[in-house]
Amino acid sequence: MKEGQFAYNEIQHLISQNVISLDDKGNYYPNKAITRAEAAVMLQSALNLEIPTDLNAFKDVNENHPYAKEIAATKAKGIFKGKADGTFGVNDVLTREQMATILVRAFSLKAQNHVQVKLSDLKSASPAHQENIKILYQNGVTTGRKGGMFDPRSKTTRAEFAVFLYRALNLNN
């Protein structure tokens, strides 16, 4: 990444706080889609979530999984609830609407009804996520993408997740 690039400052800050780790070549890959496991790792680190003793949180994540601790911690905190079949979906890409929901849960964000939500595609989001997208907008964590859209079902990039996490972490500062 280069200085001035989207998310550069936020990513640099999160790296300095040990929330984001880089690969062995010092890369973050900001335009790559973030997986559910990667998001869990960042949230556990950012919030310093306690690691539970039982690491078998989901059918597809046992205690030997490299991210078992972080995934179990986010489940224990109620951030990730998993899928209907009892799996987590470790390598599944996190959608923007899912990102909204986990950030609202992680930071216990509340509706700010005095803020009018101006996202033209809100109704295209899954009903389970619509309110959380609104809450994210009302709290200033997102203003949407160009054209006044949130693009709820598209993938969340690692840069976008870093920016949204950074903003959520700094809401009360």
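Between Thr35 and Leu94 the shortest side-chain heavy-atom distance does not fall below 4.5 Å. The shortest distance between side-chain heavy atoms of Leu171 and Leu109 falls below 4.5 Å. In this structure the side chain of Glu38 reaches within 4.5 angstrom of the side chain of Arg158, judged on heavy atoms. The side-chain heavy atoms of Leu47 and Lys77, taken from C-beta on, include no pair separated by under 4.5 Å. With a 4.5 Å cut-off on side-chain heavy atoms, Thr101 and Arg105 count as touching. Proximity of Lys32 to Thr157: side-chain heavy atoms (C-beta onward) are nowhere separated by under 4.5 Å.
Atom-to-atom distance recorded for Glu70:CD and Met42:CE is 12.5 Å, nearest 0.5 angstrom. In this structure, Ile135 CD1 and Thr142 OG1 are separated by 13.5 Å, a value rounded to the nearest 0.5 Å. Rounding to the nearest 0.5 angstrom, the gap separating the CG atom in Leu165 from the CD atom in Glu10 is 10.5 Å. Taken to the nearest 0.5 Å, the CG atom of Asn132 stands 9.5 Å off from the CG atom of Leu103. Atom CG of residue Leu43 and atom CZ of residue Phe107 lie 6.5 Å apart, to the nearest 0.5 angstrom.
Side-chain contact annotation: Thr87 with Asp60, donor-acceptor N/O pair under 3.5 Å absent.
Under the rule for a salt bridge (Lys or Arg N to Asp or Glu O under 4.0 Å), the partners of Arg96 that lie at least two apart in sequence or sit in another chain are Glu160. Partners of Lys75 by salt bridge (Lys or Arg N to Asp or Glu O under 4.0 Å), not counting sequence neighbours: none found. Every residue meeting the ring-ring contact (aromatic ring centres under 6.0 Å, His included) condition with Phe80, not counting sequence neighbours, appears here in chain and number order: Phe88.
Of all heavy-atom pairs spanning Ala33 and Lys155, the tightest one is CB-CD, 3.6 Å. Nearest heavy atoms, Thr156 versus Val93: N-CG1, 4.5 Å. Shortest non-hydrogen contact noted between Pro152 and Thr95 is O-CB, 3.8 Å. Here the closest heavy-atom approach between residue Gln112 and residue Gln138 is recorded as N-OE1, 3.0 Å. For the pair Leu119 and Gly144, the tightest heavy-atom approach, listed with the atom from each and the gap, is CD2-CA, 3.8 Å. Taking each heavy atom of Pro30 and Ile11 in turn, the nearest pair found is CB-CD1, 4.3 Å.
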Query raised in the report: Between Lys118 and Gln116, does a side chain to side chain contact (heavy atoms under 4.5 Å, CB included) hold up when you go through it step by step?
Result: CA-CA 6 Å; Lys118 297 176 183 174; Gln116 181 183 2; 4.0 Å; yes
Report task. Please assess Asn27 against Leu22 for the test side chain to side chain contact (heavy atoms under 4.5 Å, CB included), listing each intermediate value before the final yes or no. Result -> CA-CA 5 Å; Asn27 294 314; Leu22 305 174; 6.0 Å; no
Requested in this report: Evaluate the criterion side chain to side chain contact (heavy atoms under 4.5 Å, CB included) for residue pair Val61 and Asn56; output intermediate values, then yes/no.
Outcome: CA-CA 6 Å; Val61 182; Asn56 297 304; over 6 Å; no
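Residues Ile133 and Val115 are members of one and the same hydrophobic cluster, defined by side-chain heavy-atom contacts under 4.5 angstrom among Ile, Leu, Val, Met, Phe, Trp and Tyr.
Using a distance-only test at 3.5 Å, with no hydrogens or angles considered, a donor-acceptor pair links the side chain of Thr74 to the main chain of Ile71. In this structure, the side chain of Asn139 does not engage the main chain of Val141 through any donor-acceptor pair within 3.5 Å. At least one donor-acceptor pair closer than 3.5 Å links the side chain of Lys59 to the backbone N or O of Asp85.
Annotation: side-chain hydrogen bond (donor to acceptor under 3.5 Å, both in side chains) contacts involving residues 119-128, sequence neighbours excluded, comprise Glu97-Ser126, Ser126-Arg153. Listed by first and then second residue, the ring-ring contact (aromatic ring centres under 6.0 Å, His included) pairs involving residues 4-48 are His13-Tyr166 (not counting sequence neighbours).
For Phe164, the CZ atom is densely surrounded, since the number of other residues' heavy atoms within 6.0 Å is greater than 12.
Ion pair Arg145/Asp151 flagged as a salt bridge, since at least one NZ, NE, NH1 or NH2 atom sits closer than 4.0 Å to an Asp/Glu carboxylate oxygen.
Taking Ile, Leu, Val, Met, Phe, Trp and Tyr as members and joining any whose side-chain heavy atoms lie under 4.5 Å apart, directly or through other members, the hydrophobic cluster of Leu55 also contains Ile51.
Results of the side-chain contact (heavy atoms from CB on, under 4.5 Å) test with Leu14 over Val163, Leu169, Asn9 single out Leu169 as the only residue that passes.
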